[in-house]
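Every chain is numbered from 1 and lettered A, B, ... according to where its sequence line falls, protein lines coming before strand lines. Nothing here was measured: the structure is a model prediction, and the numbers come from that model.
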2 protein chains.
Amino acid sequence: MSNYKTIETEKIEAEQLVDIFKALANGHRLKIYNILTTCCTPGTSCASDEVFSCCVGDLDSQLNIAASTLSHHLKELHRAGLIHMRRDGKQVFCSVNTQAMQQLQNIFSSNLVGVKS
Amino acid sequence: MSNYKTIETEKIEAEQLVDIFKALANGHRLKIYNILTTCCTPGTSCASDEVFSCCVGDLDSQLNIAASTLSHHLKELHRAGLIHMRRDGKQVFCSVNTQAMQQLQNIFSSNLVGVKS
DNA sequence: ACTATAATTCGAAATATGTCGAACTATAAA
DNA sequence: TTTATAGTTCGACATATTTCGAATTATAGT
């Protein structure tokens with residue numbers, strides 16, 4: 001747990017920002033993130049019986065990659081602090097970290113990359 | 001010239017977005033982009049006699065990498081459509097593509113990654 | 001305890017990226 | 001036209017990333 005970024009400070013560290021961009025710099029991961037943004041709107045709980053659920057298996061069915069590869073990508077997104085993952089029984093449910101998304105918006109709004117040097 | 005992205009459409013293609021994140025997913029390139037954002041505010045022309053100029057040589061002096069490496073990184077940022085490059089005599093001046101920046105902000109504002117599938 | 005389902009970890013292989021120095025091109029000045 | 005300055009291109013090498021299948025862990029049901 002201590003290995004994973006939280007993105008809670010106002011200004012994001014330059015290195016952390018690189019990690020975030022790195023996490024999004026892949027077609028599969030961007031698609032995953034995209035699916036999660038359109039599925040898990042803030043406040044919505046992602047139960048598996050909803051149309052747009054987002055447990056790992058559901059993502060798997062939309063991606064045409066090996067389960068192990070998907071797992072790897074989810075880990076990357078999680079490590080960057082872009083998504084949440086919680087286990088519920090046999091399944092692991094994923095959702096976007098809306099707070100992180102907010103801060104990314106801020107970064108690109110004023111003059112970009114307002115990072116602590 | 002036809003090889004370089006322009007980022008003029010409202011919605012950004014998913015692949016293009018991956019290229020943009022890829023371009024920013026590197027410490028040196030992010031630093032370059034950062035320098036350019038704090039130097040070339042919209043409308044400002046970046047003459048070499050200003051304090052914050054941004055010809056390739058000026059960037060070089062701030063980065064501690066080989067000139068050839070810098071050139072490579074600038075090409076990546078340019079290919080992604082994130083910066084402009086124009087030759088003026090012996091020097092090549094770089095500046096951010098503010099339009100691209102704007103669109104990145106939009107992407108992260110509504111529900112992220114509003115990409116054409 | 002056994003079986004099935006969901007997901008992760010591991011190790012290997014293929015591909016991509018970052019980096020440098022040497023050689024090259026472009027422009028301006030002597 | 002020779003020389004100096006500013007950048008780029010090329011080829012090589014080291015490192016990082018992506019991907020898979022096989023083996024493993026976690027949980028729930030029989």
Tell me, do Ile107(A) and Leu104(B) make a side-chain contact under 4.5 Å, heavy atoms counted?
no
Between the CG atom in Asp19(B) and the CZ atom in Arg79(B), the distance rounded to the nearest 0.5 Å is 7.5 Å
Tell me the closest heavy-atom pair linking Thr38(A) and Ile35(A), and the distance in Å.
OG1-O, 3.0 Å
What contact category does His28(B) fall into here, base, sugar-phosphate, or nothing, at under 4.0 angstrom with non-hydrogen atoms?
sugar-phosphate
Which residue, Thr69(A) or Lys90(A), contacts DNA chain C at a nucleotide closer to its 5' end, judged by nearest heavy atom?
Lys90(A)
Anything under 4.0 Å to a heavy atom of chain B counts; send over the first and last such nucleotide of DNA chain C, read 5' to 3'.
dT17(C) to dA28(C)
Are Leu63(B) and Lys31(B) packed together at the side-chain level, in the sense that at least one heavy-atom pair is separated by less than 4.5 angstrom?
yes
Going by the side-chain contact (heavy atoms from CB on, under 4.5 Å) test, name the single residue among Leu70(A), Leu82(A), Ile83(A) that passes it with Ile32(A).
Leu70(A)
Which is more 5' along DNA chain D, the nucleotide nearest Leu70(A) or the one nearest Ser71(B)? Just name the residue.
Ser71(B)
Please tell me which of Arg87(A) and Lys22(A) maps to the more 5' nucleotide of DNA chain D, matching each residue to the nucleotide holding its nearest heavy atom.
Lys22(A)
For dT30(D), the Watson-Crick or wobble partner whose two distances fall under 3.5 Å:
dA1(C)
Does anyone know the first and last nucleotide of DNA chain D in reach of chain A, 5' to 3', at under 4.0 angstrom to a heavy atom?
dT17(D) to dA28(D)
What's the shortest heavy-atom distance between Val56(B) and Cys94(B), and which atoms?
CG2-SG, 4.1 Å
Counterpart residues, side-chain hydrogen bond (donor to acceptor under 3.5 Å, both in side chains), relative to His28(A) (two or more places apart)
none
Under 4.0 Å, heavy atoms only, any strand: does Ile65(B) hit a base, just the sugar-phosphate, or nothing?
sugar-phosphate
Considering every strand and a 4.0 Å limit on heavy-atom distances, what is the contact class for Asn26(A): base, sugar-phosphate, or nothing?
sugar-phosphate
So how far is it from Ser68(B) OG to His73(B) NE2, rounded to the nearest 0.5 Å?
9.5 Å
